[in-house]
Each structure stands twice: as structure tokens, then as C-alpha cells.
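Below: one structure, written as C-alpha cells.
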There are 2 protein chains.
Amino acid sequence: MARVVKKAPVSVSPEPTFQGEETNRRSELVRAAGRLFREKGYSATTIRDIADAVNMRSGSPFYHFKSKQDILRTVALDGIATIHAAVAKPAASNKAPRARFEAMLTAHLNVLLGDEGRDIAATLLHESRHLDAEAQDEVIRLKDAYEGLWQAVLKELKTDGALTDDSALTRLFLMGAMNWTTQWYRHDGGRSPRQIARQLAKLLLRD
Amino acid sequence: MARVVKKAPVSVSPEPTFQGEETNRRSELVRAAGRLFREKGYSATTIRDIADAVNMRSGSPFYHFKSKQDILRTVALDGIATIHAAVAKPAASNKAPRARFEAMLTAHLNVLLGDEGRDIAATLLHESRHLDAEAQDEVIRLKDAYEGLWQAVLKELKTDGALTDDSALTRLFLMGAMNWTTQWYRHDGGRSPRQIARQLAKLLLRD
DNA sequence: CCTACCGATCGGTAGG
DNA sequence: CCTACCGATCGGTAGG
């Protein structure tokens, strides 16, 4: 292992001088943590990994977060909030159900597979079980609200005759097909989230 | 933490006296490891957890496996072999494509959700990334062979007109819908793997 | 397979 | 936010 080069001490106040600075440093930690949690998993990621990634000493993340768990909680909540916001927009559009559905698929996949969202989304999907019970409940509540967006559009699709079954089971299959993309999607591959969304809609819906 | 009660030393040979005994002890470790890997993840599971689960001292698993990685490798390979064997049977039957497909879905889900297979299957699906590169290649090779079973039946379903697209993307959506069941399936819930398989077939196939 | 142990690493804290 | 540190725990090994 290469030893980390020690930062030269700088003679400025170590205290965050205004909120923007604190928020910045804190969100740097969240971003770095998300990436590491996705790459190595929560348990295999150490506080030192996270600190190193943003050029802090190993004790310093605890100035921003009270525990490693607290970092995970922040990342996971950020993840579900981001996905919800991304999908709520097309869900509220006045498109026909079929087009709206496809736009929602695209939005969901854009977060999961895109550069800005994939770390926190993967953390949400795969590391939430490491949250304590309370935080897990929080995540579940938000996830239920999110899935409500999907249940609503599925219902409309059934009314339109594009779907024969809009039960919770259908929604779960849909979530599975979408969320599993994180396991096989290659950024260097030919398919865009948009194209994947279109194919999935074609597979699920009838004319 | 409650201290583990120390086993009273027994005055029999500590050496495995015949192969059946060794195989047994080793496979007990594999089963315990699978369960723990599913419940807590590979990184959060310690050798001591695994040893405790089968009433060994913490150094003893290394008599059967050369490293923690080696245990994971064994569980993961066991997982993919089990799933392949379970699905290969209905895949080789002389049923019509549609019925064969549904039987394959049921077989896959029975392993993922059933008492005997779920631990190793979940370990395979969610912990394989912790394998070293060589073992990961091994798993990928076996998984590709396994997915060949599915690609073949999808092709037949397309020929039959039950499917409009039998591309790799369709197979990946299918895998997602199935494998995601491990995230939401409740053993105490009302739905059986059989019923889930039937619903999934209905969602994907056209008359 | 147990006993006894090791060096490394971990999450977290006190004090500035 | 750094320095310096702590107690606990980890994967793994020697020797029987």
C-alpha cells in the first residue's frame, strides 16, 4: 500500500467560516462515500477510505457525521429523494399514459445508470440493509411513496388496455427489471438508458 | 455479547477419520457461511461468526478452507451449480415452450426463495463482487452457460409468437424480474414461487 | 480441530 | 479539521 502523502499544514482557520463551505465539505464526503459504498459495499468501506478520498485525516469525518452509519443514512436518503424527484417530473406531465410511462422509465434509469446518480442509487438499492432499524423504516416509507407513482401509472395503463394486470406483483417485476440493470449495464456499451426504457416498455405493454 | 459456552474437550481423535465425516463438517461450514453471507453480507461476516455457527473455535475453519475468500468461492460456485441443475431439468423436458418456460421460472424461483437454496443463491447474486478476479471469471463462465438455457427457450417462444423480442436485453429484464424477488419476497406471505412464476409468464408472454 | 497468539486495522474520541 | 491515541476486533498461523 502506498502511504498517503501528508498534507502540508495550512495556516487558515480550521473552522468552517460560513455555511456554504461546510455544506460543500460535507457533501464531498457524501459523494465520496456513495462511490465507495457502491464499489466495495458499506462494510468493506472504511472511514479512512472515505477520508482519504476527500483528503481528510481519518478522524475528521466525525466532525461532519456522528458515525459511519450516519453517513450511510445520508447517502441512502439522498438516493431515494433523487430518484423520486427525477421520476415525479414526467409522472406529473400531461402525456398519454404510455408515453408518460416510458418517460418515467427513462428518468429512473437515468438516475441508476448516470454519472451523478448511480453511486447513491446503488447504495440505496444494495446497502440499505446495513442501516439501523429506524433509518430503514425511514427509507421504506419514502420508497413506498415513490412506488405509488408507479402504481398510479400502471393503473392507467390497465384502463387503457396496455396492461392486463396492474397488481403490486406487476410493479415488483417492473422494479426488478429496472433495478437489475445496475448489475449488467456497461457505460461503454452501446445502449443508452433511453433505449433500454423503450425496450422495457415494449416488452411489458400490449398494443 | 454472550460468551460462547466452551465445548468440553472430547477424547476422540481430532482428525477426520473417514471422508464422510470431513465432507460433512466442511459442508456445515458452507451452509452456515451461506446463511451469514446472505443475512449480513460477506464483509460484515467474520470467520468467528461462521465458526460459532457450527461450534468450532475461530481458527478451525482454516483447516477446511485456506481463506475466507475460499469459503465465499465455494458458496458462490455451489449457488450457480444448484440453480443451473434445478433449471436444466425442466429445460430439457419435452413440454411446449410456454409450459417449459413457466416450469423453468418456477425452478429458478424455488431455488431463490426456498429454504435450501436461498442462502447460496443470495450469496451468488449479491456477494460475488467480493471474489477475486479469478473466481469471478469462473462464476461468470458458469452464469453465461446458465443463461444459455434461457436464451434458448426465449428463442422458441419468439418462434411461437409468444414473444416479439428474444434479444439479450429481454433475457436481462427477465433475470432482473426474477432475481429481484429476493428483495421483497416474504416467506410468510401468501404467494408461492409457483404463483409468482405464473404471473411473470403472463406479464411477459402474449397469446 | 483446539490453544494461543500475532500484526494489522477498525470506528471512534479527546483536546486543541 | 488535525494529532494522537484507544480498545476491540479481524483474518490468519504455529504447533500440537
Side-chain angles (χ1 to χ4, degrees), chain A residues 1-29 32-33 36-37 40-73 130-132, chain B residues 1-29 32-33 36-37 40-73 130-132:
Chain A
M1 292 279 177
R3 187 71 65 83
V4 172
V5 178
K6 207 166 176 177
K7 250 193 342 191
V10 192
S11 60
V12 293
S13 162
E15 290 290 325
T17 32
F18 54 95
Q19 216 200 20
E21 200 167 294
E22 209 227 311
T23 301
N24 232 340
R25 217 59 182 117
R26 186 185 147 101
S27 70
E28 274 180 61
L29 281 168
L36 289 160
F37 291 163
K40 329 200 316 173
Y42 173 73
S43 302
T45 299
T46 69
I47 288 289
R48 281 161 179 82
D49 291 334
I50 299 169
D52 281 355
V54 300
N55 248 291
M56 281 182 187
R57 307 301 136 202
S58 70
S60 301
F62 296 103
Y63 172 75
H64 296 280
F65 297 92
K66 70 179 215 290
S67 67
K68 190 186 170 192
Q69 272 270 338
D70 192 29
I71 302 180
L72 176 60
R73 187 179 148 278
H130 292 110
L131 290 167
D132 55 52
Chain B
M1 292 280 176
R3 186 72 65 82
V4 171
V5 177
K6 206 166 177 175
K7 248 192 345 189
V10 191
S11 59
V12 292
S13 161
E15 292 288 327
T17 33
F18 55 94
Q19 216 199 17
E21 201 165 295
E22 211 227 310
T23 302
N24 233 339
R25 215 64 179 112
R26 187 185 146 99
S27 68
E28 275 179 61
L29 281 169
L36 288 160
F37 291 163
K40 329 200 318 174
Y42 173 74
S43 303
T45 299
T46 68
I47 288 290
R48 283 162 179 81
D49 290 334
I50 298 169
D52 281 355
V54 301
N55 247 293
M56 282 182 188
R57 306 302 136 202
S58 70
S60 302
F62 295 103
Y63 172 76
H64 296 280
F65 297 93
K66 69 179 214 292
S67 67
K68 189 186 169 191
Q69 272 271 337
D70 192 30
I71 302 180
L72 176 61
R73 188 180 146 278
H130 293 110
L131 291 166
D132 55 52

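Letters go in sequence order (proteins before strands), and every chain restarts at 1.
Of all the heavy atoms in B:R48 and B:S58, the pair that sits closest is CG-CB, 3.4 Å. Summarising the geometry of B:I50 relative to B:A33, their closest heavy-atom pair is CD1-CB, 4.0 Å, with the distance given to 0.1 Å. Taking both residues in full, the closest heavy atoms of B:A44 and B:D49 are given as O-OD2, 3.8 Å, listed atom of the first, atom of the second, then distance. B:R25 and B:V54 make their closest contact through NH2-O, 3.1 Å (heavy atoms, listed as atom of the first residue, atom of the second, distance).
Distance, A:D70 CG to C:dG11 C1': 14 Å, rounded to whole Å. C:dT3 atom C1' lies 15 Å from atom CE of B:M56, rounded to whole Å. Computed from coordinates, the A:D52 CG to D:dC2 P distance equals 11 Å when rounded to whole Å. For B:I50 and D:dT9, the CD1 to C1' distance is 15 Å, given to the nearest whole Å. One atom, CZ of B:R57, and another, P of C:dC2, lie 6 Å apart when rounded to the nearest Å. Rounded to whole Å, atom C1' of C:dC1 lies 13 Å from atom CD of B:E28.
At a threshold of 4.5 Å between non-hydrogen side-chain atoms, the residues B:K68 and B:T46 do not count as touching. Contact of the B:I71 side chain with the B:I47 side chain is registered, since non-hydrogen atoms from C-beta on lie closer than 4.5 Å. Residues B:R73 and B:F65 fail the side-chain proximity criterion, which asks for heavy atoms closer than 4.5 Å.
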Task: Strand DNA chain C in bracket notation, Watson-Crick/G-U under 3.5 Å with | for pairs to another chain - done: ||||||||||||||||
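By the ring-ring contact (aromatic ring centres under 6.0 Å, His included) test, B:Y42 is found to be paired with B:F37, B:H130, residues two or more places apart in sequence or in another chain being considered.
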Any protein N or O atoms within reach of nucleotides 12-15 of chain D? Criterion: under 3.5 Å, listing atom names and distances.
residue, atom, partner, partner atom, Å
D:dG12, OP2, B:K68, N, 2.8

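Backbone-only contact: B:T45 has heavy atoms under 4.0 Å from sugar-phosphate atoms and none from a base.
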